[in-house]
Structure formats: structure tokens, C-alpha cells
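This report concerns only the one structure given below.
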Amino acid sequence: MPAASPARAPRSKASPPPAVQPETSALALYQQIKDHIARKIQDGSWKAGDRLPSENDLVTQFGMSRMTVNRALRELAEQGRIVRVAGVGSFVAEDKPQSTLLQIANLASEIRQRGHDYRCKVLTVERVSATMEVAAALDMRTGESVFHAVCVHLEDGLPVQLEDRYVNPRVVPQFAQQDFTQLQPSEFLVRNVPFDQVEHVVDAVLPTIDQAQLLEMDPAQPCLLLTRRTWSRGVPVTMVRCLHPSSRYRLGSRFRADGNPVFE
């Protein structure tokens, strides 16, 4: 009689393969690199002009693909945080709080740096009704109350700029209470009202008779008119017209190819 074959153990059900965990998205991967570099710049570990680790170094450090590293560096460059130089590497960009064609210059400092005497003659500080033009420039209603200041800036006693300024009282309610013989209006606003947008428009014009008298010049001589508006968080702060006798003053800037101003 044949021996009974041993009982077979019941076959266990094959367990399903482990669920595939979703990989970290490409967005999160390259964002990790961007955040790492941004933190190093923010805390001062890497300063303007410092060279960043190479792409190969970042690939090794983060264990990510070259494509991911390249995307992170590309976006940082597009945001102005770093500068990439082909065949050389990536560098921390110069900080540029303003990215306008012409920076907001401190006229008093410019004149004193030349070794000349600076003086600001304040002619008017008042509250007036906004004209249609001023209201449009400051996003206000026509006739709404607005601050108005007029100053003449002098270099060695000679007028070099007539400043005609309007200020939004909703943004700078304390403007008219300032002593502008100690701190000129432009410098007061730069120091006390953070701005994030600047608009500059330059025109060649002839002065009016009154303007020519204030600037002590021949009304037949041309002037450079710089019209500037600034915004803080999307709200207009000020609109100013700066009139310069062209024979006494010129406007200009020097920039690198990457858009950063050159300071000497």
C-alpha cells in the first residue's frame, strides 16, 4: 500500500506588491535647491559676487539629476538672485533694491561729494486740491486734498534743480509737518516710506518765465525735466517734476549687461 504523501501546506495568497509611493514632484526637488541657495544668500553665508557650488557639486550634494539642478539655477538667475556665466559658473548677484533706468539720487550727497556747497531753498509746503492731472498720477479723485511742495536746490549758490512735488496724504499723512530745511523732501520720503516701484520720464523743455526766474537762467535756454512717480505696495506715493538747466546738470546711469548698476 503506497505511503500517504505528506499533506501540503495551503498555498498562501501572494501578497500584493507594495504600493508605489509617489515620488517627490520635480517642483519640490528643484525647489529644495532654490531654497537652500536662497537661505545661504539671505543669511549672509554667500555674499554678492561669491561663486556658487558647481552643477556637479550640487548634483552630488542633493542626489538629483543635472536637469533638476539646472532648472533651479535657471530660475534663480531669472529672479535676479544669481548670475550665470557660461563656462565659468554661477555667482551671487548684486543686491539691487531699485531696478529702474535712473536711480533716485540724493542730490545733496552728490553735490557735497564734489566738494561743493549744497543748499535747499523751500518755497512752498501746502495742502491743495488735486488737479485732474495730479489726481490721475496719484490715483486720487479730482479735487481731493494733496500735499504740494516746491524747492530750489543750489550748488555753490547757483540753482541746479527746481523740484515741484505732490504727495499722497493717505500714504504720508505727516509730510507737511516736516522741517525740510534739515531734510529735503526727497530724502525724507526715501528714508521713511518704503517704495517698490519707480517710474522715470525725461523730457527736453523750455522753462516758463517763473521757472526761469527761480532757476536764475535765460528762459530761452533748454532744461531737462525729470518726472518721477513712486509706489508702495501698488499705492502711488508721490509725483515730482525736477527741472534742471541743461547747461548745469545732466542725467545718466551706467549699467552692466545683466542690468545691475555699476557703482564706483
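Here the closest heavy-atom approach between residue Phe147 and residue Pro169 is recorded as CE1-CB, 3.5 Å. In terms of heavy atoms, Pro207 sits closest to Leu243 at CB-CD2, 4.3 Å. Here the closest non-hydrogen pair linking Ser90 and Arg84 is OG-CG, 3.6 Å. Nearest heavy-atom pair across Leu206 and Pro219 is CD2-O, 4.1 Å. In plain terms, the two heavy atoms of His148 and Asp164 that are nearest each other are NE2-OD1, 2.6 Å.
Following chains of ILVMFWY side-chain contacts shorter than 4.5 Å, one can reach Leu52 starting from Met64, so the two form part of one hydrophobic cluster.
One N or O on the side chain of Asp218 and one on the backbone of Ala220 form a donor-acceptor pair closer than 3.5 Å. For Thr238 (side chain) and Tyr166 (main-chain N/O), a donor-acceptor pair under 3.5 Å exists by modelled atom type. Side-chain atoms of Thr230 never come within 3.5 Å of backbone atoms of Phe195 as a donor-acceptor pair (strictly under, hydrogens ignored). Under the 3.5 Å distance criterion, the side-chain polar atoms of Ser232 are left unmatched by any main-chain donor or acceptor of Val235. Checked by atom type and distance alone, the side chain of Lys47 pairs as donor or acceptor with a backbone atom of Gly44 at under 3.5 Å. For Asp156 (side chain) and His116 (main-chain N/O), no donor-acceptor pair under 3.5 Å exists by modelled atom type. Under a 3.5 Å cut-off, the side chain of Gln61 and the backbone N or O of Leu58 do not form any donor-acceptor pair.
Side chains of Thr60 and Asp57: a donor-acceptor N/O pair is absent below 3.5 angstrom, by distance only. Side-chain contact annotation: Thr227 with Arg241, donor-acceptor N/O pair under 3.5 Å absent. Arg112 and Tyr118 share no side-chain donor-acceptor pair at under 3.5 Å.
Counting non-hydrogen atoms of neighbouring residues, nucleotides and ligands closer than 6.0 angstrom, the CZ atom of Arg74 exceeds 12 such neighbours.
Note that CD of Gln184 and CD of Gln178 are 13.5 Å apart. Values are rounded to the nearest 0.5 Å.
Contact check for Asp210 versus Leu214: no side-chain heavy atoms found under the 4.5 Å cut-off. The closest side-chain heavy-atom distance from Leu226 to Val201 is not below 4.5 Å.
Ionic pairing of Glu163 and Arg228 is not present here: no N-O contact between side-chain nitrogen and carboxylate oxygen is shorter than 4.0 angstrom.
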